[in-house]
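All residue numbers refer to positions in the sequence shown, counting from 1. Because the structure is predicted, anything quoted here is derived from the model rather than measured. Numbering of ligands and ligand atoms starts at 1, following listing order.
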Amino acid sequence: MAALNSYKRIIIKIGSALLVDSVTGDLRTDWLRGLAADIADLKLQGHKVLIVSSGSIALGRNVLRLSDGILSLEESQASAAVGQIRLAQAYEAALGPLGIKTAQILLTLEDSTDRRRYLNSRRTMTTLLGLDVVPIVNENDTVATDEIRFGDNDRLAAQVASMVEGDLLILLSDVDGLYTGDPRIDSTAKHIPLIEKITSEMEAGAGDTGTVSSKGGMRTKLMAAKTAMSAGCTMVIMEGDIERPLSALSAGVKCSWFKSANSPNLARKIWISSMKPKGLITVDVGAEAALKLGKSLLSVGVKTIEGVFNRGDALCIQNELGQELGKGLVSYDMHEAELISGKKTNDIANILGYAGRGALIHRDDMVL
Ligand code: GLU
């Protein structure tokens with residue numbers, strides 16, 4: 001996997017058509033076994049891996065013997081409920097024997113738009129990655145109705161990649177990349193191996209490649225690429241229906257690379273810098289020195305705190321002379337922050353009645 005060496009956190013998005021046989025509706029266990037072997041190799045080389053997998057509806061509708069046509073929303077949700085348990089089981093069965101621990105995470109659109117839920121999901125996923133677990137993520141289809149759903153896992157995967165600061169997102173798909181037009185109807189359409197910026201021509205040329213079992217077409221893939229690239233994550237679109245897809249990618253199989261100019265860390269810092277501050281924290285000399293050494297801001301170092309803010313909002317940080325030091329996302333809401341400012345981290349649980357999050361502003365959530 002030498003070609004993938006420079007990427008630390010790899011997100012692999014797997015479409016339904018790869019996992020579920022379109023004729024029999026059964027799980028494609030041989031293919032999954034090959035993918036699992038590739039994932040084991042990546043893990044052995046120290047990469048963190050997260051999977052975003054479709055397939056719950058395709059698996060569930062087969063079990064429920066629902067017709068081949070388009071399902072109603074209720075039927076899709078029922079199918080997802082039946083299929084998701086099998087999907088998670090399939091990953092556990094493929095990865096467990098290789099010594100890889102798995103976890104199931106089901107997200108809705110609100111988990112990425114609501115700041116508090118976003119931070120919770122992000123913390124859980126990064127904790128799992130830190131514990132060397134491979135999270136298996138899907139949309140929580142049984143509760144997501146049309147207004148509150150991603151609808152396709154391409155965009156979900158890009159959102160997840162951005163949440164966990166992934167640096168490579170691999171879309172295992174039924175197409176081998178981006179073309180200048182739709183190759184199924186335009187014989188002059190040319191394959192584009194490297195994309196550094198998504199242009200309006202590319203968007204206009206993107207036909208739709210969605211099939212009955214998979215939702216995302218090229219248009220949603222380009223939207224995913226935009227989200228990923230602006231979060232500092234490079235994205236690849238490749239044909240996934242080959243025996244060891246990740247080994248093939250590493251060996252240089254035909255595909256399209258959407259290269260991000262930034263690193264995830266830099267992209268996150270730019271994002272934090274662009275946020276409108278909702279309050280102001282004044283810190284003491286000790287905290288100022290700690291921040292300059294790259295440490296988190298602890299409640300004990302806070303002199304005063306002003307503003308109307310919720311957990312996850314951006315606050316400006318200044319020293320006692322009123323000089324601006326930086327900006328960061330606060331881990332507590334204004335009432336909690338008020339109660340714990342000036343207090344030691346060990347006392348937080350006693351003061352609030354629950355354990356809390358440790359630092360008032362974590363160093364990863366701060367720009368100086
Ligand atoms: N979440 C859906 C499922 O698991 C799939 C959505 C998609 O194919 O993009 O069946």
#### Entry: Option nearest atom 1 (N) of ligand 1 (shortest heavy-atom distance, choices L87, L19, T220, D141)
D141
### Message
With no hydrogens and no angle check, just 3.5 Å: does a side-chain donor-acceptor pair link D141 and Q84?
### Response
no
### Query
Is any N or O atom of D154, backbone or side chain, closer than 3.5 Å to an N or O atom of ligand 1?
no
### Query
Which heavy atom of A225 sits nearest a heavy atom of F258, and at what distance?
CB-CD2, 3.7 Å
### Message
Quiz question: by atom type and distance under 3.5 Å, do the side chains of S299 and S341 form a donor-acceptor pair?
### Response
no
### Message
With a 4.0 Å cut-off on heavy atoms, is A80 in contact with ligand 1?
### Response
no
### Message
Below the 3.5 angstrom mark, is there an N/O of E139, backbone or side chain, next to an N/O of ligand 1?
### Response
no
## Note on the structure
Across all chains, not counting sequence neighbours, the side chain to side chain donor-acceptor pair (under 3.5 Å) partners of E288 are K292, N319
#### Entry: Inter- and intrachain pairs under salt bridge (Lys or Arg N to Asp or Glu O under 4.0 Å), touching residues 269-279, at least two apart
K278-D313
### Query
Under 3.5 Å, N or O to N or O, is S53 touching ligand 1 that way?
no
### Message
Considering both backbone and side-chain atoms of A58, is one of its nitrogen or oxygen atoms within less than 3.5 Å of a nitrogen or oxygen in ligand 1?
### Response
no
### Query
Looking only at heavy atoms, which two atoms of M229 and E196 are closest? And how far apart?
CE-O, 3.4 Å
### Task
Identify, by atom number and element, the atoms of ligand 1 in contact range of N138, meaning under 4.0 Å from any of its heavy atoms.
1 (N), 3 (C), 4 (O)
#### Entry: Contact check: D152 vs ligand 1, nitrogen or oxygen atoms, below 3.5 angstrom
no
